[in-house]
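These notes are about the structure you will find just below.
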Number of protein chains: 2
Amino acid sequence: MPDNIQCPDCKRINEVLSRVGDRWSFLVVFSLARYGTLRFNELKRSLGISQRMLSLTLKQLERDGLVHRTYHPSIPPKVEYTLTETGRSFHEPVNALGLWALENLDKIETARRAYDETV
Amino acid sequence: MPDNIQCPDCKRINEVLSRVGDRWSFLVVFSLARYGTLRFNELKRSLGISQRMLSLTLKQLERDGLVHRTYHPSIPPKVEYTLTETGRSFHEPVNALGLWALENLDKIETARRAYDETV
DNA sequence: CGGTATCCTCACGGATACTG
DNA sequence: CAGTATCCGTGAGGATACCG
């Protein structure tokens, strides 16, 4: 790497991650991909997320074109969320990350304990 | 989804992501995977990260067993960082995410503008 | 060069209450 | 049910200064 330039892609990757790279966005996409369609409170229970953060996260994801929102004007109201095509394509790397996480949690905890003992 | 239980994997995924799922960790792993070995200040310039955050991020990644640190006691000192095997395996999903980010930045910005106009 | 220490700010995010 | 509004605490993270 030439030492006076930045990692050429990191800046752009950073931009995208700062939009859809937070933990709640990951988990919402992960959940919607798994279950297809979920209502607001189903997502809320599913993720253990606060009402406020879910509302904010869903609005961002809708704005960025990853999530589609369908409002059924019944009483009580019913709102369903699904992934858009872009959202589904985002699911692939998100899922890969989730699987890696599940597979490596133990390894990380072991490494962490080992590290802490040497200190 | 049964409506009274949580997304079964989300809790564990959340745990791992809360450790290695921050943006700086992603970018450090992404950079180290691409360039192999980098010194502290090379990483710093490469990522546009503050000295403090890079120091903290590297220490976490070393602790979690994703990054290996080699100290050369010369004058001036020289410290090189590489990925461990776990770190390299982490690179796969991180890279997938990075590539997705690069491919979809435009699409996201377009969706965002469209959304903002309807409001 | 490769850090640590300190200070300071602001955004993340929970708790609670209220509404159509 | 599906939000919005408000308040508030904590922690992420930059800026700066200093050190071996």
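Since this is a predicted model, take the numbers as computed values, not measurements. Sequence lines set the chain letters: A, B, ... in the order given, protein chains first and strands last, and positions in each chain run from 1.
In this structure, Thr84(A) contributes its side chain and Leu66(A) its backbone to a donor-acceptor pair below 3.5 Å.
Judged by distance alone, the side chains of Thr82(A) and Thr37(A) never bring a donor and an acceptor atom under 3.5 Å apart. Side-chain contact of Thr57(A) with Ser25(A): a donor-acceptor pair under 3.5 Å is absent, judged by distance alone. Between the side chains of Glu80(A) and His72(A), at least one donor N or O lies within less than 3.5 Å of an accepting N or O.
Here the C1' atom of nucleotide dT4(D) and the NZ atom of Lys59(A) are 8 Å apart, to the nearest Å. Note: CE (Met53(A)) to P (dT16(C)) measures 17 Å, nearest angstrom. Residue Asn41(A) contributes atom CG, which lies 9 Å from atom P of dG3(D) at whole-angstrom precision. Atom CG in Leu38(A) sits about 14 Å away from atom P in dC1(D), given to the nearest Å. Between Arg52(A) atom CZ and dT19(C) atom P the separation is 19 Å, expressed in whole Å. Here dC12(C) presents its C1' atom at 10 Å from CG of Leu56(A), a figure rounded to the nearest Å. We find that CZ of Phe40(A) is positioned 11 Å from P of dC1(D), with the value rounded to whole Å. For the pair Ile75(A) CD1 and dG20(C) P, the computed distance is 13 Å after rounding to whole Å.
Phosphate contact (OP1/OP2 of dG3(D), side-chain N/O of Tyr81(A), threshold under 4.0 Å): present. Look at Ser55(A) and you won't find any side-chain N or O under 4.0 angstrom from OP1 or OP2 of dG3(D). Taking 4.0 angstrom as the limit, Lys44(A) places none of its side-chain polar atoms (N or O) nearer than this to OP1 or OP2 of dC1(D).
For Arg39(B), counting side-chain heavy atoms from C-beta on, the closest listed nucleotide (dC1(D), dG3(C), dC1(C)) is dC1(C).
When heavy atoms are screened at a 4.0 angstrom cut-off, Arg23(B) is found touching no nucleic acid atom at all.
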